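Since we're looking at a predicted model, the values are computed, not measured. Each chain gets a letter, A, B and so on, in the order the sequences are listed, and its residues count up from 1.
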Amino acid sequence: MRKKTPSFADRCYQMLKKVPRGKVTTYRHLAHALGSRAYRAVGQAMKRNPNAPRVPCHRVVRSDGTLGGYAGGVAKKKRLLTREGVRLRGDRLTELKRQLHTFGMR
DNA sequence: TATTTGACCAAGA
DNA sequence: ATCTTGGCCAAAT
């Protein structure tokens with residue numbers, strides 16, 4: 001018996017892997033999908049261990065449709081999203097509701 | 001153990 | 001519509 005309980009951060013990464021290309025989720029939705037309200041902690045997790053290409057952390061945005069942060073710089077996040085077909089107007093998504101991945105939750 | 005820190009959020013002014 | 005404020009939770013200090 002040696003398995004440790006996965007940290008909250010690890011569960012975030014796992015869950016985030018389910019967000020397909022061209023879609024996004026929010027810090028809040030991600031936390032909610034994990035049965036938690038720790039949306040701030042989600043942000044912390046993304047910042048500290050971006051597990052680089054493994055986890056699409058650029059697909060996590062704020063609930064109000066603005067981008068939020070990115071370890072490699074927000075400009076980069078913008079570019080990645082645009083490249084996947086997510087359209088922006090400045091630092092804000094134009095069609096958040098439409099491209100939101102809700103993890104099968106309503 | 002206690003305190004501090006955020007890639008946040010909803011509500012108020 | 002924008003800006004500020006208080007609260008929230010896990011993890012790092």
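Only at 4.0 angstrom or more do the heavy atoms of residues 89-96 of chain A sit from any atom of DNA chain B, so none qualifies.
Residue A:Ala9 is classed as a sugar-phosphate contact, given heavy-atom separations below 4.0 Å to backbone atoms only. A:Ser36 comes within 4.0 angstrom of nothing in the nucleic acid, heavy atoms only. Residue contacts shown for A:Tyr27 include a base, since a base heavy atom lies under 4.0 Å away.
A:His32 has its NE2 atom 16 Å from the C1' atom of B:dC8, to the nearest Å. As a whole-Å value, the separation of A:His29 NE2 from B:dC9 C1' is 13 Å. The nearest whole Å value for the distance from the CZ atom in A:Arg48 to the P atom in C:dA10 is 15 Å. Rounding to whole angstrom units, CG of residue A:Leu67 and P of B:dC9 are separated by 12 Å. Computed from coordinates, the A:Phe8 CZ to B:dC8 P distance equals 14 Å when rounded to whole Å. Straight-line distance from the CG atom of A:Asp10 to the C1' atom of C:dA10: 13 Å, rounded to whole Å. Atom C1' of nucleotide C:dA10 and atom CG of A:Asn49 are separated by 15 Å, given to the nearest angstrom. Rounded to whole Å, atom P of C:dA10 lies 15 Å from atom OH of A:Tyr13.
More than 12 non-hydrogen atoms from other residues, nucleotides or ligands lie less than 6.0 angstrom from NZ of A:Lys17. Heavy-atom contacts from other residues, nucleotides or ligands closer than 6.0 Å to CZ of A:Arg37 number 12 or fewer.
Heavy atoms only, all atoms of each residue included: A:Val74 and A:Leu67 are closest at CG1-CD1, 3.7 Å.
Here the nucleotide nearest the side chain of A:Thr26, chosen from B:dC9, B:dA7, C:dC9, is B:dC9. The side chain of A:Tyr39 sits closest to C:dG7 out of C:dG7, B:dA7, C:dA11. With B:dA7, C:dA10, B:dA10 as the candidates, the nucleotide lying closest to the side chain of A:Ala41 is C:dA10. Checking B:dC9, B:dC8, B:dA7 against every side-chain atom of A:Arg40, the shortest atom distance belongs to B:dC8. Relative to the side chain of A:Ala38, the nucleotides B:dC9, B:dA7, C:dA10 differ in distance, and C:dA10 lies closest. In the set C:dA10, B:dT5, B:dC8, B:dT5 carries the atom at the smallest distance from any side-chain atom of A:Gln44. Counting only heavy atoms from C-beta on, A:Lys47 has its side chain closest to B:dA7 among C:dG7, B:dA7, C:dC9.
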Notebook entry, point to check: Can you list the steps and then say if A:Val24 with A:Val86 is a side chain to side chain contact (heavy atoms under 4.5 Å, CB included)?
Noted result: CA-CA 8 Å; A:Val24 298; A:Val86 177; 4.2 Å; yes
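Ranked by how close their nearest DNA chain B nucleotide is to the 5' end, A:Gly72 and A:Arg28 are led by A:Gly72.
The shortest distance between the side-chain N/O atoms of A:Ser63 and the OP1/OP2 oxygens of B:dC9 is below 4.0 Å.
Both A:Leu16 and A:Val42 are assigned to one and the same hydrophobic cluster, defined by single-linkage of ILVMFWY side chains at heavy-atom distances under 4.5 Å.
Proximity of A:Met46 to A:Tyr70: side-chain heavy atoms (C-beta onward) are nowhere separated by under 4.5 Å.
Between A:Lys18 atom NZ and A:Lys23 atom NZ the span is 14.0 Å, to the nearest 0.5 Å.
With respect to A:Glu84 and A:Arg59, a salt bridge is recorded, a charged nitrogen being found less than 4.0 Å from a carboxylate O.
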